Amino acid sequence: MYAITGATGQLGRLVIDTLLATVPADHIVAAVRNPAKARDLAERGVLVREADYTRPETLATAFDGVDKLLLISSTEVSGRLPLHRAVIEAAQRAGVSLLAYTSMLHADTSPARLAIEHRQTEEVIAASGLPAVILRNGWYAENHLMALPAALEHGAFVGAAKDGRFSSAARKDYAEAAAVALTTDDQAGKTYELAADHAFTLAELAAEVSRQSGKNVVYNDLAMDAYVNVLTGIGLPPDLASLLADADVAASRDALFDDGGALARLIGRPTTPLKSLIAAALRT
């Protein structure tokens, strides 16, 4: 039996969609904080179980009978480590045969502050002795395209990444990779640096949007503090804005670049091209 934490999130739902192509629905557990949000999954035959990281007793029930568990990293801006540790300890008690964790690209060496709790979580997993596979996901391409409406309106993407290269892949690609890791034998002990086949700078992103939309869109590079102000100005909490701006600065040193091709090999196909993702976003 497979269990997916954070199953009502964007990545979790895609992982379940992928699993359902080859795994019976009653062999999949959607482990969620609020089961009411997973009614659609239950209607598809998926087992929906409450899994509140702050209430360990729910984790024991959620992981009962589970063989392989995907821990999708929490979306908390900070304080994720205790939540992750609760899941890891519950997985130990449940005797899962494989724990998969969605970490961050080059988490062990990345200068980005976002990598710190991922690195710490990997250390907790290693210390636990659980058989585990680490999925170090690069940036989601959708993270960039969230700014598309504003870029089209104002004629510019903004950031603090300079000419740093992003090997950002589609969320669906990462979801397929997680499903493959869960359903393939001999994954314990492996660490995957997962990234798109082709990297791009934010200036290249803007140029492709210009080409497809017919509108002049450029990339304006800002100092970190100025970018934080832009992000808080559109309503992001200061802590999150600071973390995202810091990630851009780290990307300026290629912290979010990787050309190893592990993602394409794992999913057995080329990663989704950026131009296709932009085309789809422009249609919505």
Side-chain angles (χ1 to χ4, degrees), residues 6 8-15 17 37 72-78 80 102 104-105 112-115 118 137-162 164-176 194-196 198-222 224 226-252 255-257 263 271-284:
T8 53
Q10 292 174 303
L11 180 63
R13 285 184 177 277
L14 288 172
V15 173
D17 284 344
K37 293 183 178 180
I72 294 178
S73 56
S74 169
T75 57
E76 297 292 330
V77 175
S78 62
R80 287 189 283 190
T102 60
M104 181 176 176
L105 192 66
R113 285 167 50 205
L114 274 171
H118 288 295
N137 290 351
W139 220 235
Y140 297 135
E142 290 85 352
N143 290 350
H144 305 287
L145 298 179
M146 286 175 61
L148 182 59
L152 291 171
E153 180 181 356
H154 300 292
F157 285 95
V158 295
K162 296 184 170 57
R165 295 169 292 173
F166 289 81
S167 300
S168 305
R171 189 176 280 111
K172 185 176 185 294
D173 294 349
Y174 294 122
E176 287 187 22
L194 301 177
H198 302 288
F200 56 88
T201 66
L202 294 183
E204 290 168 342
L205 168 67
E208 181 61 23
V209 168
S210 291
R211 187 186 70 79
Q212 292 198 34
S213 69
K215 297 182 179 180
N216 184 39
V217 178
V218 299
Y219 169 59
N220 290 335
D221 193 71
L222 306 175
M224 179 175 170
Y227 187 36
V228 170
N229 289 337
V230 170
L231 294 174
T232 55
I234 61 174
L236 293 187
D239 287 350
L240 177 58
S242 179
L243 277 174
L244 293 178
D246 174 80
D248 251 33
V249 172
S252 73
L256 291 170
F257 168 77
L263 179 53
T271 58
T272 307
L274 176 66
K275 64 182 181 181
S276 298
L277 296 172
I278 291 173
L282 288 171
R283 290 194 297 268
T284 59

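As the structure is a prediction and not an experimental result, all values here were calculated from the model. Position 1 is the first residue of the sequence; numbering continues from there.
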Side chains of [X] and [Y]: does their closest heavy-atom pair fall under 4.5 Å?
| X | Y | result |
| --- | --- | --- |
| Leu114 | Asp246 | no |
| Leu282 | Leu152 | yes |
| Ser73 | Met104 | no |
| Leu205 | Phe166 | no |
| Ser168 | Glu142 | no |
| Leu105 | Phe257 | no |

Of all the heavy-atom pairs spanning [X] and [Y], show the shortest one and how long it is.
| X | Y | value |
| --- | --- | --- |
| Ala247 | Leu256 | O-CD1, 4.2 Å |
| Ala141 | Leu277 | CB-CD1, 3.5 Å |
| Met224 | Ala245 | CG-CB, 3.9 Å |
| Ala195 | Leu263 | O-CB, 3.3 Å |
| Thr284 | Ala281 | OG1-O, 2.7 Å |

Rounded distance (nearest 0.5 Å) linking atom [atom1] of [X] with atom [atom2] of [Y]:
| X | Y | atom1 | atom2 | value |
| --- | --- | --- | --- | --- |
| Thr271 | Tyr174 | OG1 | OH | 8.5 Å |
| Arg171 | Arg13 | CZ | CZ | 13.0 Å |
| Leu202 | Tyr219 | CG | OH | 4.5 Å |
| His118 | Thr102 | NE2 | OG1 | 7.0 Å |
| Glu204 | Arg165 | CD | CZ | 10.0 Å |
| Asp248 | Leu231 | CG | CG | 8.0 Å |

Does [Y] offer a backbone N or O that forms a donor-acceptor pair with the side chain of [X] under 3.5 Å?
| X | Y | value |
| --- | --- | --- |
| Ser210 | Val217 | yes |
| Asn220 | Val158 | no |
| Asp221 | Ala161 | yes |
| Ser242 | Pro238 | no |

Q) Once the angle between the rings of His144 and Phe200 is folded into 0 to 90°, is it parallel (under 30°), tilted (30 to 60°) or perpendicular (over 60°)? A)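 Judged by the thresholds at 30° and 60°, the geometry between His144 and Phe200 is perpendicular.
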Q. Does atom CD of Gln212 have more than 12 heavy-atom neighbours, drawn from other residues, nucleotides or ligands, at distances under 6.0 Å?
A. yes
Q | Donor-acceptor side-chain pairing of Thr272 and Asp173 below 3.5 angstrom | A |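 Present: a donor and an acceptor within the cut-off.
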